[in-house]
Q: 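Before anything else, here's the structure in question.
For clarity, every value in this text was computed on a predicted model and none was experimentally measured. Just so we're on the same page: letters track the sequence lines, and every chain starts at 1.
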Amino acid sequence: MTQPVSDERQTNTPVICTAGVDGVVVRFADTLSEAANRAALAFRAAVEAAQWDGVQETSSSLVSTFLRVDPLVVDHDLLVNDLRTLLNSRDWYAAGLPEGRRLWRIPAVFGTDLAPQLAQAAAQAGMSEDEGVASLTATRLRVQTIGFAPGQPYLGTLPDAWDIPRQSQLTARVPEGALAVAIRQLVLFSVPTPTGWQHVGQTAMRLFQPEAPDPFLLRAGDEVQFTPTTPEKLHRMRRDPKGGATVTVIG
Amino acid sequence: MSEGIKVLSAGPGVTLQDRGRPGWLNAGLSRGGAADPQALSEGAALLGHSDDLPALEMAGMGGAFVAQTDLRLALTGAPMQVTLDGERLAWNASHHWPAGARLSVGGTVSGGYGYLHVGGGFMGHAQLGACSAHLSAGIGRAVQAGDVLAVRRDLGGPVGLALPVDDRFNGGSVRIVESLQTHLFAQNERERFTTTTFRRDTRGNRMGLRLVPPEGGFHIDSGRTILSEVIVPGDIQITGDGTPFVLLCECQTTGGYPRIGTVLPCDLPIVAQAPAGAPLRFRFVELDEATAAERKAASARQTLVKRLRPLIRDPHTIPDLLSYQLISGVTAGDDDTGEKEDKDGTVN
């Protein structure tokens, strides 16, 4: 049931798949691209606006939109038809980014015992440690999706050199605020977690604050640039829930 | 209103759980809630109240609790050793819990998660729309010695009832549907997966649990470069070394390891409750069959009360037999006046 409903397998043609008994995924590409990411964000907003019966929740991942449905209410074939009609109503790959986006400048310590995998990750990317840090801080990255853990961004896209795989063995635990790299992306971890990504930087950012009026700092579409700092300065920034980050509205 | 139960001691995995907090998936927060939602429905049926009230979930080990006021209690989920002021209590049953009486809940006999319900439900502290502790997200905390868990006013209902349940506490066979990457596994890998009897590893928690394959792990060619995509509870994720993990209620919301299948929600309690070493087998079903199974399970949950029956007790083990009979007599005499003070109504 999970094979694509249509035979459209070429890049930039959306496919509809089931995810469990109560989920449907609309995937806009097999690989990450700017256009597919925009399409996933915009399509999710359109599904939310449609307010279909039995759709209980929606989310977007890097290149896909997810609908959680009540399988006892929703007829799967009818839902797929509705999704097809909505897909055909416009060119989702040409969609703009969400409004109210912000630029975050986030201090991070690269390497040292706070982020012990910088050297090996840089080596896999064919760089020295210094070159690695320069590369990771030169680029303005976008929050392509929030996921895995509460408020946790996937940031991209990094230069080709960072197309390095996840580790086959998990790191048992990286701390809150850890910055980790794989497959041309950075993840900024919002809770301590095991991971297959390589821990190259450490921030003092608290991305999820359950008691705060607005519990989640970052939103999909926001932009992020990291600035190198020292362990001593980072330690002082831990008193700030934003971890010393500055934020400006960009559109 | 602030009276409830005093916690004298608690195991490391005792938390308040309700049906979780749906609606935050796009912010990266999974629903959480009871690891075995079926146990919430069973407790609600036993106490005659709504099944979205918080209960105390006890992972592996319970604790010692004293009622500060007269309460009703129900025990569901993984059976655990339990006594009330030294007297053994039946599991999957409802009981009186007089003020000052000490409830001692030990380790699980089988299964992983036992549940303590009180009439009226625990008060809890709602955050983002639910009381459930979601420890991996940093919401709430585990219950500790010294805590007082406030209980909402009990509108009354029965005690002395038993609810027979099917065994879901020793592993078994569970149904799965194909998932986002099932087709990336070769046919013979899928067949090997469904003909394998796995053992639940000792590593596991509310986020998910590891399966031990008796032979080698499972692989696809492009296993480590799949784009991160949505994860749902029940997904069976194959990590880089080929080990399957079944994701549970408190799982991550996205993941980049391939999913070979997804456990049906109505069968997921069998996985969540499987104790370390228990056998687990997986069988693919089509979406239509899965939907029918969900419909049947939902119907069974809604009619749980029909399966209630009087708790059979050996009179010799009831030290206050006379008072039980007295209460029954009083209740019978009040029948004309409706349900007032039904709080003490007891069937046996």
Side-chain angles (χ1 to χ4, degrees), chain A residues 1-4 17-23 25 27 29-32 44 56-66 68 71-72 76 145-154 163 165-170 176 182-183 185 187 190-193 196-197 207-211 215-216 219-220, chain B residues 22-31 127-128 134-140 175-183 207 223-235 239-242 251-257 259 261-266 285-288 290-291 293-295 298:
Chain A
M1 302 307 300
T2 319
Q3 288 82 3
C17 326
T18 57
V21 182
D22 56 357
V25 163
R27 186 186 296 131
D30 288 333
T31 56
L32 179 56
R44 184 231 167 199
Q56 298 178 311
E57 186 168 6
T58 67
S59 68
S60 63
S61 301
L62 292 170
V63 296
S64 57
T65 301
F66 174 69
R68 185 170 63 81
L72 307 188
H76 183 257
T145 184
I146 301 283
F148 191 85
Q152 180 168 301
Y154 287 70
D163 194 6
R166 300 180 191 84
Q167 309 168 92
S168 59
Q169 292 293 328
L170 298 183
E176 180 180 12
I183 52 170
Q185 288 175 297
V187 169
S190 64
V191 293
T193 185
W197 296 52
L207 294 160
F208 175 52
Q209 299 155 45
E211 298 280 4
F216 305 97
R219 292 196 290 265
Chain B
W24 301 99
L25 198 51
N26 199 50
L29 177 59
S30 56
R31 192 178 348 167
Q127 278 181 283
L128 293 117
H134 191 310
L135 299 186
S136 61
I139 301 175
R175 292 164 289 187
I176 58 177
V177 288
E178 292 188 359
S179 186
L180 294 172
Q181 287 87 26
T182 304
H183 62 287
M207 300 170 73
R224 283 191 281 147
T225 51
I226 292 198
L227 271 188
S228 287
E229 205 160 45
V230 66
I231 290 248
V232 297
D235 276 359
T239 51
D241 62 359
C251 66
Q252 67 220 48
T253 64
T254 60
Y257 293 112
R259 264 72 51 74
T262 305
V263 179
L264 269 56
C266 61
V285 296
E286 296 292 323
L287 193 59
D288 288 353
T291 304
E294 288 300 318
R295 197 176 298 282

Q: Evaluate the criterion side-chain contact (heavy atoms from CB on, under 4.5 Å) for residue pair B/Glu229 and A/Arg27; output intermediate values, then yes/no.
A: CA-CA 9 Å; B/Glu229 205 160 45; A/Arg27 186 186 296 131; 2.8 Å; yes
Q: So, taking the atom named OG in A/Ser64 and the one named CG in B/Leu227, what distance separates them when rounded to the nearest 0.5 Å?
A: 8.5 Å
Q: Mind checking whether A/Val21 and B/Pro265 have side chains closer than 4.5 Å, heavy atoms only?
A: yes
Q: Return the CZ to CG distance between A/Phe208 and B/Leu128, rounded to the nearest 0.5 Å.
A: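 Going from CZ on A/Phe208 over to CG on B/Leu128, the span is 5.5 Å.
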Q: Who wins among A/Thr145, A/Leu62, A/Thr193 for the most heavy-atom pairs under 4.5 Å with chain B?
A: A/Leu62
Q: Where does A/Arg44 contact chain B at under 4.5 Å (heavy atoms): side chain, backbone, both or neither?
A: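 Contact with chain B involves the side chain of A/Arg44 alone.
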Q: Side chain, backbone, both or neither: which part of A/Ser59 has a non-hydrogen atom closer than 4.5 Å to chain B?
A: both
Q: What part of B/Gln127 gets within 4.5 angstrom of chain A, counting heavy atoms only: side chain, backbone, both, or neither?
A: side chain
Q: Please look at B/Val230 and chain A and tell me whether the side chain, the backbone, both or neither of the residue comes under 4.5 angstrom of a heavy atom of that chain.
A: both
Q: So, B/Arg31 and A/Glu57, do they make that salt bridge, N to O below 4.0 Å?
A: no
Q: What distance separates A/Thr65 OG1 from B/Asn26 CG, expressed to the nearest 0.5 Å?
A: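 Going from OG1 on A/Thr65 over to CG on B/Asn26, the span is 9.0 Å.
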Q: Which atoms of B/Ala298 are under 4.5 Å from chain A, going by heavy atoms: the side chain, the backbone, both sets, or neither?
A: side chain
Q: Are A/Phe148 and B/Ser228 close enough, and set up right, to give a side-chain contact (heavy atoms from CB on, under 4.5 Å), and what steps lead you there?
A: CA-CA 9 Å; A/Phe148 191 85; B/Ser228 287; over 6 Å; no
Q: Who among A/Glu176, A/Glu211, A/Gln152 has the most heavy-atom pairs with chain B under 4.5 Å?
A: A/Glu211
Q: Between A/Pro150, A/Ser61, A/Pro192, which shows the greatest number of heavy-atom pairs under 4.5 Å with chain B?
A: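 It is A/Pro150.
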Q: Minimum heavy-atom separation for A/Pro210 to B/Gly138, with atom names?
A: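 Smallest interatomic distance, heavy atoms only, reads CG-O, 3.7 Å.
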Q: Name the region of B/Ser30, side chain, backbone, both or neither, that has any atom closer than 4.5 Å to a heavy atom of chain A.
A: neither
Q: Need one label for A/Leu170: side chain, backbone, both or neither, based on atoms under 4.5 Å from any heavy atom in chain B.
A: side chain
Q: For the pair A/Leu72 and B/Glu294, evaluate side-chain contact (heavy atoms from CB on, under 4.5 Å) and give the outcome as yes or no after the intermediate values.
A: CA-CA 8 Å; A/Leu72 307 188; B/Glu294 288 300 318; 4.1 Å; yes
Q: So which part of A/Gln56 gets closer than 4.5 Å to some heavy atom of chain B, the side chain, the backbone, both or neither?
A: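 Nothing of A/Gln56, per the 4.5 Å heavy-atom cut-off to chain B.
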Q: Please classify the contact of A/Pro153 with chain B as side chain, backbone, both or neither, using a heavy-atom distance under 4.5 Å.
A: neither
Q: So which part of B/Thr254 gets closer than 4.5 Å to some heavy atom of chain A, the side chain, the backbone, both or neither?
A: both
Q: Rounded to the nearest 0.5 Å, how far does CG of B/Leu25 lie from CD1 of A/Ile146?
A: 12.5 Å
Q: Highest number of heavy-atom pairs under 4.5 Å with chain A: which of B/Asp235, B/Thr253, B/Thr262?
A: B/Thr253
Q: Name the option with the most non-hydrogen atom pairs under 4.5 Å to chain A; the candidates are B/Pro233, B/Ala27, B/Ala293, B/Ala290.
A: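 Looking at each option in turn, the highest pair count goes to B/Ala27.
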Q: Measuring heavy-atom distances to chain B, does A/Ser190 have an atom under 4.5 Å in its side chain, in its backbone, in both, or in neither?
A: neither
Q: Give the C-alpha distance, both sets of side-chain angles, the deciding distance and a yes or no for side-chain contact (heavy atoms from CB on, under 4.5 Å) between A/Thr18 and B/Glu178.
A: CA-CA 8 Å; A/Thr18 57; B/Glu178 292 188 359; over 6 Å; no
